[in-house]
Amino acid sequence: MKSRYIILPLLCLCTAVAAQNSLNTRVDTLRQHHHSEDSTDVFFRHLNLNELTVTGVTGDTKLKHATAPVSIVTPQTLRATASTNIIDAISHQPGVSQLTTGGSISKPIIRGLGYNRVVVMSEGVRQEGQQWGDEHGVEVDGSGVGSVEILKGPASLMYGSDAMAGVVILHAQPTLAEGEMRAQVSSEYQTNNGLFGYNLSMAGNQHGLVWDARYSDKMAHAYKNKYDDYVPGSQFRERAGRLMLGVNRPWGHSRLTGTAYHLTPGIVEGERDTDTGELLCSSASPKTYGKSLPFQQVKHYKLVWDNSLNFSSGSLKAILGYQQNRRQEFEESPDDYELYFKLHTLTYDLRYVTNEWDGWKLSTGIGGMYQKSGNEGEEYLIPDYRLFDFGVYATATKTIGERWTLNGGVRYDHRRLHGYELTEDGDLRFADVSRHFNGLTGSLGAVCNLSEHFNLRLNLARGFRTPNMSELSSNGVHEGSIRYELGNSRLKAEYSLQADLGLDFSSRYISAQVALFANRIDNYIFTHRLNQVIEEGYLTYAYTQGDARLLGFEAGADFHPVHSVHFSNTFSFVDARLMHANADTRYLPFTPAPCWASELKWELYHHSHPTVNHHHTTDAAHRSLFNNLYVAVGLDCYLKQTHIYRADNTETPTPGYALLSLSAGTDIQVKGRKVAELYVDADNLLDKAYQNHLSRLKYADDNVITGRSGVFNMGRNITFKVVVPINI
């Protein structure tokens with residue numbers, strides 16, 4: 001586990017729409033104590049752990065008063081992390097994993113649950129892009145994300161259906177202070193897949209008029225590993241743009257943001273030559289940056305209007321969003337698509353948050369969405385459908401003295417789904433399906449600040465999730481996941497009841513946390529393999545459901561015995577089982593393997609800070625070329641995973657493996673002014689050949705020569721990154 005990540009086991013049912021405010025609070029505190037805002041000094045950060053502030057539906061709350069586990073990934077951490085997409089960048093958080101297909105597609109898994117059980121928030125609205133698919137990633141430009149908050153556990157109270165496992169909140173860069181204008185140029189290169197990317201941005205705030213314009217471009221050829229050499233189909237191209245215009249006034253703010261995201265990933269089929277065992281490649285060279293069949297083309301457009309009005313008693317927030325997702329698959333020709341989904345989504349969120357009085361904070365709101373999805377290709381996987389839902393909720397927080405904080409709330413949701421009939425060549429492909437679901441959810445939590453160093457947290461929450469249209473009605477080949485899928489129109493809604501217990505400790509030389517959870521899910525929906533072939537060359541999977549229970553924990557300890565040395569260790573474990581099942585169907589499919597992660601960081605140099613006037617640096621600082629220089633070595637150990645869904649060979653065991661990493665970074669400064677940030681990150685330093693248990697490519701064709709199954713993950717990869725800030 002990278003020590004650059006701040007692990008904060010807190011319970012939170014509030015939407016942290018302004019997490020950057022918490023980072024700004026931390027920066028202000030650091031400045032008051034004469035520490036650099038860019039410092040990686042975890043020593044001082046531990047002392048001020050409880051001074052961080054998050055902003056949720058019940059207003060600003062210090063972390064020591066919040067009630068659920070949250071991981072915060074800071075801006076500098078994101079810049080220093082080597083990744084191919086934003087989910088990859090946060091996947092080292094304890095309790096967080098990623099389900100991958102190739103190099104560019106990652107789906108978040110929180111405590112063993114993923115797909116439509118995790119809500120991703122971006123630009124203040126839930127990201128909607130046909131996320132039910134194995135190879136459907138998150139259509140968000142990682143370079144435009146300022147910070148990330150990961151809420152672990154049921155958050156249906158604030159986010160409605162689908163937030164059963166938790167929420168990943170991707171915060172944009174904060175608006176600048178009055179009178180400021182800044183630009184930034186960044187670029188990176190990765191040695192394994194030849195990834196090259198760059199990002200250009202400019203933002204400002206003049207007389208309350210705020211703006212932020214960004215453009216990024218990224219391309220990569222096929223990645224390689226020791227066993228498969230280059231993996232055809234793992235290349236991708238990504239381009240994205242963002243423009244925000246708005247006004248900041250004493251009465252509040254109003255901002256309009258538009259984003260465009262284009263991704264062209266290849267499809268790794270995993271087919272092999274029967275004589276040599278080598279992966280077949282449809283292009284002249286797997287190192288090409290261009291398209292090679294088969295591939296996908298994903299385009300996602302978003303328009304968000306974010307408003308906030310301040311009143312003497314509280315604030316009124318209104319967010320409206322429109323998204324359009326276009327997903328095409330090309331198999332035979334780069335000019336003619338076979339599969340084409342077009343999804344339109346309208347979202348709305350209106351809530352009122354009171355100011356604190358006599359220890360109380362209240363919030364109430366209504367939110368929901370409307371969706372329209374259509375097929376415009378020659379092949380079909382799910383039917384055309386319409387979706388409408390809404391939810392109303394109320395929450396309350398009460399602080400009792402300096403030690404106790406209580407919070408809770410209730411929510412009611414209603415969702416309607418209608419899938420339309422389709423007849424193909426005289427045969428019924430999709431039957432007409434109309435379903436409606438109602439859900440009543442809530443939570444109750446408490447945190448007790450036992451002392452200056454110890455905090456104890458307890459929370460009980462009920463989650464709710466309706467089946468999606470893929471689970472209800474799919475009937476076709478899913479090229480990206482290399483299988484034929486069958487839906488089940490009789491599926492019921494999922495309901496969960498989860499208890500969380502957390503204890504964290506913070507002192508001068510150590511901080512430690514442990515977070516335990518127990519989750520019972522009624523009507524858990526999953527896929528299992530059928531012993532029948534509907535279409536030659538593809539395994540057949542069908543959706544079914546049963547009752548499940550998940551137990552697990554995350555534990556971590558950060559040791560800081562001297563000012564310049566930092567040693568962190570974390571361990572994550574989840575045991576996910578179907579209840580009343582036989583030995584072959586006892587465990588839920590695709591449960592992450594237990595993971596122990598450790599990192600030793602040496603902070604070689606920090607410039608000194610004056611004791612009187614912290615607006616000016618010393619002569620020594622002016623003469624120094626490097627600032628915030630660090631070197632770190634990490635070891636990620638994934639234990640073997642034998643708790644698998646064995647029936648019909650749905651899953652296979654995965655052996656354990658360990659990955660060694662080495663990283664370094666520094667600020668380059670001239671006359672005390674930062675002119676650049678440099679980062680080098682070497683992942684899988686020993687070039688270990690491994691398969692992550694959650695990799696979809698693990699189930700590709702066997703290599704008849706070596707006897708190995710599937711495709712392996714990326715081998716040794718060294719990333720070079722430079723960030724150049726420009727003050728205008």
Side-chain angles (χ1 to χ4, degrees), residues 78 83-90 98 100-108 118-133 135-148 168-173 184 186-188 195-203 212-220 235-245 255-267 289 291 295-306 319 321-330 337 339-347 369 371 373 480:
L78 291 175
S83 62
T84 56
N85 57 72
I86 185 59
I87 301 303
D88 186 28
I90 66 174
Q98 58 175 329
T100 62
T101 305
S104 62
I105 298 170
S106 299
K107 301 175 70 66
V118 175
V119 168
V120 176
M121 300 290 292
S122 174
E123 304 292 351
V125 300
R126 55 189 295 160
Q127 182 77 12
E128 290 292 326
Q130 307 278 18
Q131 59 267 27
W132 44 264
E135 85 296 2
H136 299 175
V138 177
E139 301 89 350
V140 174
D141 174 25
S143 63
V145 176
S147 61
V148 182
V168 176
I169 306 173
L170 307 176
H171 298 286
Q173 300 286 349
Q184 180 175 285
S186 64
S187 183
E188 67 175 309
L195 183 149
F196 172 74
Y198 65 91
N199 173 262
L200 309 172
S201 66
M202 181 176 179
D212 189 341
R214 298 176 179 274
Y215 176 78
S216 67
D217 199 342
K218 185 187 299 181
M219 65 184 75
Q235 72 278 1
F236 66 92
R237 176 73 181 271
E238 175 188 292
R239 287 171 290 179
R242 179 181 187 267
L243 178 62
M244 184 275 289
L245 298 172
R255 300 166 190 159
L256 186 65
T257 303
T259 64
Y261 177 90
H262 290 184
L263 175 67
T264 306
I267 296 178
Y289 285 92
K291 302 174 184 176
F295 66 90
Q296 296 184 60
Q297 187 163 280
V298 182
K299 298 180 179 179
H300 194 93
Y301 305 99
K302 184 187 301 180
L303 188 65
V304 178
W305 187 24
D306 182 356
I319 302 179
Y322 168 74
Q323 300 174 68
Q324 183 185 108
N325 184 274
R326 303 179 182 180
R327 183 175 297 275
Q328 300 168 310
E329 290 186 2
F330 298 79
Y337 50 80
L339 200 65
Y340 185 2
F341 300 126
K342 181 181 285 188
L343 176 66
H344 303 268
T345 303
L346 290 170
T347 56
M369 67 177 174
Q371 283 189 335
S373 179

Determine whether [X] and [Y] make a side-chain contact, defined as any pair of heavy atoms from C-beta on separated by less than 4.5 Å.
X	Y	value
Tyr322	Tyr301	no
Gln127	Val125	no
Arg214	Asn199	yes
Arg242	Asp141	no
Glu128	Met369	yes
Asp212	Leu243	no
Asn325	Gln130	yes
Ser373	Lys342	no

Calculate, to the nearest 0.5 Å, the distance between atoms [atom1] and [atom2] belonging to [X] and [Y] respectively.
X	Y	atom1	atom2	answer
Phe295	Gln235	CZ	CD	10.0 Å
His344	Arg326	NE2	CZ	8.0 Å
Lys291	Phe330	NZ	CZ	6.5 Å
Leu343	His300	CG	NE2	8.0 Å
Met244	Leu256	CE	CG	10.0 Å
Leu170	Ser122	CG	OG	5.5 Å

**OP:** Decide yes or no on side chain to side chain contact (heavy atoms under 4.5 Å, CB included) for Phe236 and Lys218, but give the supporting numbers first.
**Re:** CA-CA 8 Å; Phe236 66 92; Lys218 185 187 299 181; 3.8 Å; yes
Original post:
Would Arg237 and Asp217 pass as an ion pair if we require N to O under 4.0 Å?
Top reply: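 A salt bridge is present here (some side-chain N lies under 4.0 Å from a carboxylate O).
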**OP:** Show your working on side chain to side chain donor-acceptor pair (under 3.5 Å) between Tyr337 and Gln297 and close with a plain yes or no.
**Re:** CA-CA 9 Å; Tyr337 50 80; Gln297 187 163 280; over 6 Å; no
Original post:
side chain to side chain contact (heavy atoms under 4.5 Å, CB included) between Gln131 and Lys107: does it pass, once the steps are laid out?
Top reply: CA-CA 8 Å; Gln131 59 267 27; Lys107 301 175 70 66; 4.1 Å; yes
Subject >> Over 12 non-hydrogen atoms of neighbours within 6.0 angstrom of CH2 in Trp132 >> reply: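 Above 12, so yes.
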Closest heavy-atom contact between [X] and [Y]?
X	Y	answer
Ala89	Leu78	CB-CD2, 4.3 Å
Pro108	Val168	CB-CG2, 4.3 Å
Gly124	Ile319	O-CD1, 3.8 Å
Thr100	Ser106	CG2-OG, 3.9 Å
Ile105	Gly137	CG2-N, 3.7 Å

Original post:
Between Met219 and Leu195, is a side chain to side chain contact (heavy atoms under 4.5 Å, CB included) present by the stated rule, with each step listed?
Top reply: CA-CA 6 Å; Met219 65 184 75; Leu195 183 149; over 6 Å; no
Original post:
Does the side chain to side chain donor-acceptor pair (under 3.5 Å) test come out yes or no for Ser201 and Gln184, once each step is laid out?
Top reply: CA-CA 5 Å; Ser201 66; Gln184 180 175 285; 4.7 Å; no
**OP:** Please name the residue in the list Arg239, Lys302, Arg327 that meets the salt bridge (charged side-chain N to carboxylate O under 4.0 Å, His left out) test with Glu139.
**Re:**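 Considering Arg239, Lys302, Arg327, a salt bridge (charged side-chain N to carboxylate O under 4.0 Å, His left out) with Glu139 is found only for Arg327.
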**OP:** Decide yes or no on side chain to side chain contact (heavy atoms under 4.5 Å, CB included) for Ser187 and Phe196, but give the supporting numbers first.
**Re:** CA-CA 8 Å; Ser187 183; Phe196 172 74; 3.5 Å; yes
